[in-house]
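Report on the structure given below.
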Amino acid sequence: MKKRSLLTACLLFLVVMSLAVSCTNPAVYIKTTTEAEAAAVVNSKARTINLGFSAWPGWFPWQVAQDQGIFKTKNTTVNLKWFDGYLESISTLAAGQIDANSQTLGDTLSSVAGGADQVVVLVNDNSTGNDQVIVAGGINSVADLRGKKVAAEEGTVDRANASKY
């Protein structure tokens with residue numbers, strides 16, 4: 001009887017510890033880097049950063065920064081890589097052909113969960129209602145989409161929602 005009670009106590013302990021570890025917020029362990037620390041790292045490496053981005057308004061400031069010479073004022077060389085397709089930018093990052101990419105947190109988490117070695121270093125756009133569906137004339141509500149073809153780039157953020165209509 002004591003063996004069974006001890007085994008039950010050990011199993012219960014393991015379950016509780018597993019739950020405690022799985023409920024820990026990993027964001028608590030994220031180190032925040034100051035601008036001076038980031039500049040020191042960039043200057044010590046003295047290399048070009050290849051940064052991918054695609055057609056999302058929150059990522060267009062990269063091009064503005066390039067055009068205005070902002071990267072140069074920070075002694076940073078950035079090679080912007082424009083992608084016509086968002087998924088192509090994610091694949092290019094996964095293949096190691098660029099150093100960084102502008103992508104959604106959801107896609108980054110999916111990549112990391114799949115084994116990719118990626119780190120979020122900057123949040124440069126918080127979407128608060130910018131998502132839209134562009135429609136042809138005569139469609140005035142979501143209900144009007146029923147039975148119509150709705151296009152979305154496969155694998156992107158809103159693909160799952162588009163398939164509902």
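Residues that satisfy the side chain to side chain contact (heavy atoms under 4.5 Å, CB included) test with Ala94, not counting sequence neighbours, are absent from this structure. Take Gln68 and apply the side chain to side chain donor-acceptor pair (under 3.5 Å) test, not counting sequence neighbours, and it matches no residue. Residues meeting the side chain to side chain contact (heavy atoms under 4.5 Å, CB included) test with Ala65, sequence neighbours left out: Ile70, Phe71. Contacts of Leu109 classified as side chain to side chain contact (heavy atoms under 4.5 Å, CB included), with partners at least two apart in sequence or in another chain: Leu105. Listed by chain and residue number, Trp62, Asn124 satisfy the side chain to side chain contact (heavy atoms under 4.5 Å, CB included) test with Leu122 (two or more places apart in sequence, or in another chain). In this view, Thr108 and Gln103 satisfy the side chain to side chain donor-acceptor pair (under 3.5 Å) rule, not counting sequence neighbours.
To the nearest 0.5 Å, atom CD1 of residue Ile49 and atom OG1 of residue Thr77 are 8.5 Å apart. Here the straight-line distance linking atom CH2 of Trp56 with atom OG of Ser89 works out to 13.5 Å at 0.5 Å rounding. With rounding to the nearest 0.5 angstrom, the CD1 atom of Ile98 is 5.0 Å from the CG atom of Leu93. Distance CD/Glu88 to NZ/Lys81: 6.5 Å, rounded to 0.5 Å. We find the CG-OG1 distance between Leu87 and Thr92 to be 10.5 Å, quoted to the nearest 0.5 Å.
Under the 6.0 Å cut-off for aromatic ring centres, Trp59 and Tyr86 qualify, their centroids lying closer than that.
Counted by atom type alone, Asn79 and Thr48 present zero donor-acceptor pairs between their side chains at under 3.5 Å.
Neither Val123 nor Val112 shares a network with the other; the hydrophobic side chains, linked directly or stepwise wherever heavy atoms of I, L, V, M, F, W or Y lie under 4.5 Å apart, form separate groups for each. One hydrophobic cluster holds both Val121 and Phe53 under the rule that ILVMFWY side chains link at heavy-atom gaps under 4.5 Å.
A distance-only check finds a donor-acceptor pair linking the side chain of Asp99 to the backbone of Asn50 [under 3.5 Å].
Counting non-hydrogen atoms of other residues, nucleotides and ligands closer than 6.0 Å to CG of Asp67 gives a total above 12.
Ring geometry, Phe60 versus Trp82: the interplanar angle falls from 30° to 60°, so the pair is classed tilted.
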